[in-house]
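Since the structure comes first, as structure tokens, the remarks are kept for the end.
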Amino acid sequence: MKEVTYSSTRGDSARLTASMAILKGLAADGGLFVPDSIPALDKSLKELAEMDYQGLAYEVMKLFLTDYTEDELKKCIAAAYDSKFDTEEIAPLSESCGSYYLELYHGATIAFKDMALSLLPHLMTTAAKKNGLDKEIVILTATSGDTGKAALAGFADVPGTRIVVFYPKSGVSPIQEKQMVTQRGANTMVVGIHGNFDDAQTGVKKIFGDAGFAEELDKKGFVFSSANSINIGRLVPQICYYVYAYTRLLKEGRIADGEEINVCVPTGNFGNILAAFYAKNMGLPVKKLICASNTNKVLFDFFESGTYDRNREFHVTTSPSMDILISSNLERLIYYIAGCDAVRCAELMKELSSGGKYTISDSEKAGLSDFYGGYADEKETSEQINKIYSESGYVIDTHTAVASYVCDQYKAETGDNAPVVIASTASPYKFTRSVMNSIDPEYDKKTDFELIDDLAKLSNTAIPQAIEDIRTAPVLHKTECDIDEMKQVIEGFLK
Ligand SMILES: *Cc1c(COP(=O)(O)O)cnc(C)c1O
């Protein structure tokens, strides 16, 4: 197998093994790690269709994580995709109203972040062992709501690690917040910041770039890493479920071998859809990558105009995990459409950090032809939940509803009737109030826990364990801070 190494999107010439790139999280020059080439699938789709999730995940990830031994990688996979998931299929497909919903929310924290964050701690501790790292790894994470809990669940009580999560105090759903602040584990810390997700993410990136701080902590025996989707160890596991979805459709005879499908993804930080882009470039027959945004439609505007401009009003929506104006992983796509020119990529990212915007050239824009951008506003999102429920009895969450709406819009606009896989990124139980109000505004009179019981009856599904757990769990984290105090908070935790 060809060895794959990783280098920065911004020109730092160091080439790292996969395990070192996972340990580091972010490149020294502030860029993101990208593989020096995108490997092609080396098994046929038919062969992959005969495998279970774990077997298929190995076949995909071995091509990227080439310095992990077969035994190491298989052990990581077995430890990640086990009974923490409430179905052996791990990521089941559900057909509704003419589209396939790929349910990525069957893990411990009922959002798609579990697909990668169940695995990342294992990849990271294996990487530490392989590379003889004798420091305690401190995971710093900014969250728009779901990454935080999934990372906490993954890293809690993992020896040799600590985790600090920053979330926007007023920018997550009540259930998301409750899930995080009830987290157990002596190595965990959860902090509500007075700011939005972009503030949290920028703050974390700044701390990563603070060489003096890193040196200080190094002396104390700590090293930082990231569990955000800027870490390549988050991205690679996400490629697997697109291959899995395709091969399930193939196995069930819903598509022919080689037939092209479209993929539609509710997008925030651009990690999930970028994984679909990698899957396509590995040879998976995907035609369009449909990128769905909520009212914070900075990506839609970018696909339309070629200008990325974060200078705009920030909206708090009912799909909070997509309330993002700086989509970090777009940087990796920019790198590719610039012809893997890291100098050019660095130039654009500098414009983004100084003036909040950049414009790509016409030839770069041509590289976006595989993408279609769309968005749904709050009313359209709510109506889509209602429509899907009324027509099929299937209940989707607010994020998935954004994608579902944009998918319908894409079909109507283009007449393209290729099968579509919609990434269903969160359980409706995570956003119960918004979901139930969309079905009937009368529900708004009820308490959160009454709504959960009603949702179970209405959708004929079992209440997930993650929800049962927070009904009675005590609040263990009460720290809040301003955006310029994040560093002090970390210093306090690592004393
Ligand atoms: C994180 C998240 C998204 C956005 O995914 P990105 O990879 O950041 O684009 C969408 N929906 C849900 C429920 C999420 O948790």
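Counting starts at 1 for both ligands and their atoms, following the listed order. Quick caveat, the model's predicted, so the values are computed rather than measured.
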**Complete:** the protein heavy atom lying closest to atom 2 (C) of ligand 1 turns out to be K113 NZ, 2.4 Å
**Residue and atom name of the nearest protein heavy atom (relative to atom 9 (O) of ligand 1), distance in Å to one decimal** = G268 N, 2.8 Å
**Message:** Below a 4.0 angstrom heavy-atom separation, can you tell me which part of F270, side chain or backbone, both or neither, approaches ligand 1?
**Reply:** backbone
**Message:** Test: salt bridge (Lys or Arg N to Asp or Glu O under 4.0 Å). Region: residues 137-153. Which pairs qualify, not counting sequence neighbours?
**Reply:** D146-K430
**Item:** Protein residue, atom and distance nearest to atom 7 (O) of ligand 1, heavy-atom basis
**Value:** N272 N, 2.8 Å
**Request:** Could you tell me which atoms of ligand 1, counted from 1 in the order shown, lie closer than 4.0 angstrom to a heavy atom of A426?
**Result:** 13 (C)
**Message:** Suppose we measure from atom 11 (N) of ligand 1 to each protein heavy atom; which comes out shortest, and what is that distance?
**Reply:** T425 OG1, 2.8 Å
**Prompt:** Would you say P266 touches ligand 1, if touching means a heavy atom closer than 4.0 Å?
**Reply:** yes
**Item:** Within 6.0 Å of NZ in K205, more than 12 heavy atoms from elsewhere
**Value:** yes
**Complete:** For atom 8 (O) of ligand 1, the closest protein heavy atom turns out to be N269 N, 2.8 Å
**Asked** Does K288 make a cation-pi contact with Y372 (under 6.0 Å, within 45 degrees of the axis)?
**Response** no
**Asked** Got V34 and Y336 here, is their nearest side-chain heavy-atom distance under 4.5 Å?
**Response** yes
**Request:** For T267, take its heavy atoms, then give the atoms of ligand 1 lying under 4.0 Å from any of them.
**Result:** 9 (O)
**Request:** Would you mind listing which atoms of ligand 1 come within a distance below 4.0 Å of any non-hydrogen atom of G271?
**Result:** 6 (P), 7 (O), 9 (O)
**Message:** Does atom CZ (R184) have a neighbourhood of more than 12 heavy atoms from anything else shown, all under 6.0 Å?
**Reply:** no
**Asked** Mind checking whether Y308 and Y358 have parallel, tilted or perpendicular rings, split at 30° and 60°?
**Response** parallel
**Prompt:** Which is closest to atom 5 (O) of ligand 1 in terms of heavy atoms, Y105, F112, F431?
**Reply:** F112
**Message:** Surrounding NZ of K178 (heavy atoms of other residues, nucleotides or ligands, distance under 6.0 Å), is the total greater than 12?
**Reply:** yes
**Prompt:** Taking atom NZ of K62 as the centre, does the number of heavy atoms from other residues, nucleotides or ligands within less than 6.0 Å exceed 12?
**Reply:** yes
**D146 neighbourhood, listing ligand 1 atoms whose heavy-atom distance to it stays under 4.0 Å** = 12 (C), 13 (C), 14 (C), 15 (O)
